[in-house]
2 protein chains.
Amino acid sequence: MAKDTTTIFQQGTLGLLVPGLYDGTITAGELLQHGDAGIGTLTGLNGEVIILDGHAYQAREDGVVREIAADETLPFASVHFEAPDATKALTPMDQPTFEQQTVHDYQLSNVFAAIRIDGTFKHIHTRVAPKQTKPYHTLVEATATQPEFTGDDVQGTIIGYYAPHLFQGATVGGFHLHFLSADHQLGGHLLGFDIDQATLKVQRFADFHVHLPIDNADYLQQKFDNNEIDSAINKAER
Amino acid sequence: MAKDTTTIFQQGTLGLLVPGLYDGTITAGELLQHGDAGIGTLTGLNGEVIILDGHAYQAREDGVVREIAADETLPFASVHFEAPDATKALTPMDQPTFEQQTVHDYQLSNVFAAIRIDGTFKHIHTRVAPKQTKPYHTLVEATATQPEFTGDDVQGTIIGYYAPHLFQGATVGGFHLHFLSADHQLGGHLLGFDIDQATLKVQRFADFHVHLPIDNADYLQQKFDNNEIDSAINKAER
């Protein structure tokens with residue numbers, strides 16, 4: 001199968017995590033057939049997944065980063081095959097400046113895009129979702145208390161997506177970024193960052209492909225509420 | 001290219017019609033490469049498109065139904081290749097009963113599905129969006145006054161989709177059905193129907209593939225508002 005560099009593939013929806021549907025519905029091995037870069041979470045909302053250069057890593061709540069085996073499963077993940085449209089050297093700037101500039105420079109408002117930033121960061125602030133056991137709590141409950149990690153003058157990579165706000169619920173509207181340090185000592189869902197010197201790669205996508213777990217009984221029976229999903233994403237994923 | 005019978009392909013979003021982005025972004029010829037059945041509208045919000053057995057038809061505001069040429073363009077359409085999972089004989093029932101039964105019987109709440117009903121209908125009630133010229137009005141304005149058509153004891157086909165409500169905005173959450181009579185004398189967006197004797201075909205999809213017009217300047221620059229889109233869809237598409 002030729003690598004499709006024009007499509008973001010997403011397993012599940014962010015919305016299904018909101019009421020607590022954390023059982024994995026795709027293996028890491030299958031997922032990597034749809035992309036060599038991306039983000040996600042493991043079954044049980046177990047940590048933050050960072051996929052770089054064809055390898056999937058888990059940032060665990062105890063701070064450890066480990067490579068994920070092909071048979072581990074994920075309830076939610078987004079991946080793509082890297083083929084950036086644009087590369088740009090970034091000078092020192094904070095996160096709000098970066099986000100505002102990037103949406104403007106690449107006209108991202110209504111476009112899906114992959115964002116990759118390799119370089120050194122003056123400051124990195126992450127969180128890692130703590131592993132849940134059944135019966136699962138909701139996403140807001142599960143992430144109400146969660147370990148946060150920080151680093152100064154860190155070398156590493158930010159990877160993730162910008163999605164049109166119309167797709168909030170199906171995914172995270174706006175930026176959804178994870179981080180992995182070059183030495184694998186720091187990772188997770190990004191709460192904040194401050195760029196020192198880095199290289200930005202932007203890849204815009206016309207195509208967004210969602211795969212839903214339509215054979216999963218819990219998914220089929222769940223009563224979703226769009227307003228609750230929107231508010232939970234704004235609380236738990238930013 | 002092998003026919004993919006597991007994916008709904010959608011050009012654009014319902015959301016982009018809301019502020020009036022009615023310029024076509026895909027030709028009918030290209031669209032038919034992604035499916036042989038489906039629904040949509042033509043450039044200028046010019047009528048209702050019904051795609052059956054590989055042929056695309058326009059139900060026009062003057063009541064005429066005509067086949068669409070390969071080079072005509074559409075701003076929004078959903079298509080799939082037909083390969084139903086289930087076929088069922090339907091006895092007389094009204095639209096609310098049909099919709100409630102079908103969601104229940106095929107566990108559609110959180111699933112994309114194509115719906116096709118061939119048979120005779122005691123009553124059919126359609127509307128057809130009137131062709132707009134630039135500068136385009138919004139969807140709610142454009143559909144505020146529009147021709148409606150009715151028929152009794154009509155033979156024909158209902159074609160369309162059920163989509164999870166989470167995807168309201170990207171598409172129409174819930175049912176979105178069009179109609180074409182066997183004699184091509186009556187067609188359009190379905191406002192109501194009453195089944196006499198018919199055959200239902202249901203095709204569930206794990207995969208939903210959206211193609212966005214990311215090279216269209218109007219699309220890139222549009223400021224969308226999720227609440228406005230939600231309310232406009234509920235007003236204009238039900």
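Bear in mind that the values here come from a model prediction, so they are computed numbers and not experimental data.
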Inset, instruction - Under 4.5 Å, counting heavy-atom pairs only, tell me which of A/Asp225, A/Leu166, A/Thr7 racks up the most with chain B. - result: A/Leu166
Legend entry - Part of A/Thr6 lying under 4.5 Å from any heavy atom of chain B: neither
Inset, instruction - Pick out which of B/Tyr162, B/Phe193, B/Tyr161 makes a ring pair (Phe, Tyr, Trp, His ring centres under 6.0 Å) with B/Phe175. - result: B/Tyr162
Inset, instruction - Heavy-atom distances under 4.5 Å only: say whether A/Phe167 touches chain B with side chain, backbone, both or neither. - result: side chain
Inset, instruction - Determine whether the side chains of B/Thr199 and B/Asp118 contain a donor N or O and an acceptor N or O closer than 3.5 Å. - result: no
Legend entry - Under 4.5 Å from a heavy atom of chain A, the part of B/Leu220 involved: both
Legend entry - B/Asp105/B/Lys88 ion pair, N-O < 4.0 Å: yes
Inset, instruction - Please flag which part of A/Asp207 lies under 4.5 Å from any non-hydrogen atom of chain B: side chain, backbone, both or neither. - result: both
Legend entry - Residues A/Glu48, A/Arg127: salt bridge by 4.0 Å N-O rule: yes
Inset, instruction - Could you look at A/Gln10 and say if it's the side chain, the backbone, both or neither that has a heavy atom under 4.5 Å from chain B? - result: neither
Legend entry - Residue, of B/Ala206, B/Ala170, B/Pro213, that accumulates the most heavy atom pairs under 4.5 Å with chain A: B/Ala206
Inset, instruction - Taking the side chain as every heavy atom from C-beta outward, state whether A/Ile158 and A/His178 have any pair of such atoms under 4.5 Å apart. - result: no
Legend entry - Lys/Arg N to Asp/Glu carboxylate O, A/Lys235 vs A/Asp230, below 4.0 Å: no
Inset, instruction - Against chain B, work out which of A/Phe9, A/Phe224, A/Phe112, A/Tyr219 has the most heavy-atom pairs shorter than 4.5 Å and name it. - result: A/Tyr219
